[in-house]
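Notes for the one structure printed next.
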Amino acid sequence: MSGVASIHLVENALLVSIQDDVTDTEIIDLQDALSNRIADENVDGVIVDISALEIVDTFVGRVIAQLAGISRLLAAETYVVGMRPAVAVTLVELGMYLPQTRTALSLSHALAQLRRG
Amino acid sequence: MPQTGTATILKIFEADFGGIVEEWRGTQVEEGVRRSDLFTDSESRAQNIELLKAFLTGIRSGVHEQDFSFEDTAWEDLRAVLADLTKERVSRGVTPSEMANFVLALKTPLFSRLATELAGDTDRLIAEIRLVTRLIDAFAIYTNEVFIAEREQIIERQREEMMELSTPVVELWDRVLTLPLIGTLDSARSQEVMENLLETILQRQAEVVIVDITGVSTVDTQVAQHLLRAAAAVRLMGAECIISGISPMIAQTMVQLGIDVGTVSTRSSIRTALADALRKVGYVIEKRDAH
């Protein structure tokens with residue numbers, strides 16, 4: 001199954017889980033949908049779960065970085081959670097350190113950090 | 001047309017196998033390649049006999065016309081004996097040239113016997129000597145190849161062991177890991193270290209990682225680069241990296257080299273780093289009042 005990943009509201013944050021077979025167009029649609037939801041629902045944070053993602057390229061890396069920039073402008077923090085070791089190594093090798101993005105080990109860690117403010 | 005085959009050499013062997021062994025051993029002593037300090041007399045005699053028998057088996061069925069290849073099944077015995085013998089010799093510290101000369105010493109007894117056997121037939125003698133030389137040279141080269149392969153195996157094994165030994169990730173406390181780095185940090189090793197660290201973070205769900213560089217001999221731009229990349233990868237996974245063990249000397253060097261650690265926290269000792277790490281995961285270290 002594919003299609004645009006569903007966005008859930010958990011506490012005061014939007015939760016998105018990115019699937020491994022995500023396409024470039026889907027991820028652009030997701031960026032658009034997320035931007036709208038952040039503005040509409042006035043959330044504090046966005047949590048992007050990428051634990052299913054086994055391969056990243058510069059494109060996905062850039063979209064994640066952009067997402068962080070967009071949500072910051074709309075007054076929300078972006079957390080990337082569950083990044084796999086191989087993905088982390090690849091991103092670093094590509095020079096994408098995602099400085100604007102916050103990271104957490106898991107969804108619960110991210111929620112705990114959001115609650116702390 | 002002189003008939004050159006293995007017949008003469010086989011005849012020589014059959015006639016006086018024991019004599020050849022003794023004379024070969026004598027030549028080994030003359031050439032100084034018999035390591036009586038490493039092997040006892042009976043031990044090396046048994047080895048020599050076994051090796052020569054295997055060689056003889058090979059000659060008997062492994063030489064076709066003038067051609068032979070040690071990869072043939074006919075030479076299977078010799079390969080097996082050589083493998084065992086080489087393993088033992090490598091572990092006792094025999095050098096490659098000693099190993100080659102040890103085999104080449106076989107020429108002396110064989111040539112003198114060939115000369116006696118074919119005294120009146122010079123053409124045939126030369127042809128036979130040519131064949132025997134080729135055989136023994138190939139034997140010596142093959143021996144050296146086995147020898148080197150054995151050594152390479154040892155080196156490879158030691159390298160792997162060193163790699164494993166040098167990258168231990170230790171769980172200091174619940175959700176706190178430490179990685180004490182020792183020695184030099186090159187690209188291959190830092191890659192290994194990084195992968196090992198990230199995997200452990202995932203397994204233990206660690207929140208703080210202390211990379212201790214007290215034991216790293218030199219920190220240059222490249223080493224710093226490796227460390228900072230590791231720290232960045234740790235952050236991407238959602239954990240925090242503290243680099244500890246930065247001596248005043250290293251701090252000065254890093255500043256002079258213009259290395260910017262960015263947002264990575266650094267501490268001078270693992271002690272302060274540990275206190276920090278524990279605070280981050282919600283513990284405090286407290287001194288108990290003396291009663």
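The basis for the numbers below is simple: all heavy atoms, side chains too, and nothing from hydrogens, waters or symmetry mates. No experiment lies behind these values; they were computed from the predicted model shown. Every chain is numbered from 1 and lettered A, B, ... according to where its sequence line falls, protein lines coming before strand lines.
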Short donor-acceptor separations (under 3.5 Å), chain B to chain A:
unit_1: E207(B); atom_1: OE2; unit_2: H109(A); atom_2: NE2; d: 2.9
unit_1: R235(B); atom_1: O; unit_2: T103(A); atom_2: OG1; d: 2.3
unit_1: R235(B); atom_1: NH1; unit_2: T101(A); atom_2: O; d: 2.9
unit_1: R235(B); atom_1: NH2; unit_2: Y97(A); atom_2: O; d: 2.8
unit_1: R235(B); atom_1: NH2; unit_2: L98(A); atom_2: O; d: 2.5

Discussion item. Report which part of A230(B) has an atom under 4.5 Å of a heavy atom belonging to chain A: side chain, backbone, both, or neither.
Written reply: neither
Worksheet item: Relative to chain A, which segment of M237(B) carries a heavy atom at a distance below 4.5 Å: side chain, backbone, both, or neither?
Response: both
Practice prompt. Could you name each residue pair satisfying ring pair (Phe, Tyr, Trp, His ring centres under 6.0 Å) that touches residues 73-103 of chain B, not counting sequence neighbours?
Written response: W24(B)-F102(B), F70(B)-W75(B)
Worksheet item: Which atoms form the tightest heavy-atom contact between A88(A) and A233(B), and what is the distance?
Response: CB-O, 3.7 Å
Worksheet, complete the sentence: In terms of heavy-atom contacts, P85(A) and L202(B) come closest through CD-CD2, 3.9 Å
Discussion item. Counting neighbours of CD1 on I55(A) that are heavy atoms of other residues, nucleotides or ligands and sit closer than 6.0 Å, is the number greater than 12?
Written reply: no
Worksheet item: Any salt bridge (charged side-chain N to carboxylate O under 4.0 Å, His left out) pairs touching residues 241-253 of chain B, not counting sequence neighbours?
Response: none
Worksheet entry | Sequence neighbours excluded - salt bridge (charged side-chain N to carboxylate O under 4.0 Å, His left out) pairs with any residue from residues 92-101 of chain B | R35(B)-E98(B), E43(B)-R92(B), E88(B)-R92(B)
Item to complete: Would you mind telling me which of G262(B), G238(B), A206(B) has the largest number of heavy-atom pairs within less than 4.5 Å of chain A?
Response: G238(B)
Worksheet item: Say you draw a straight line from CE of M83(A) to CD1 of I201(B); how long is it, rounded to the nearest 0.5 Å?
Response: 12.0 Å
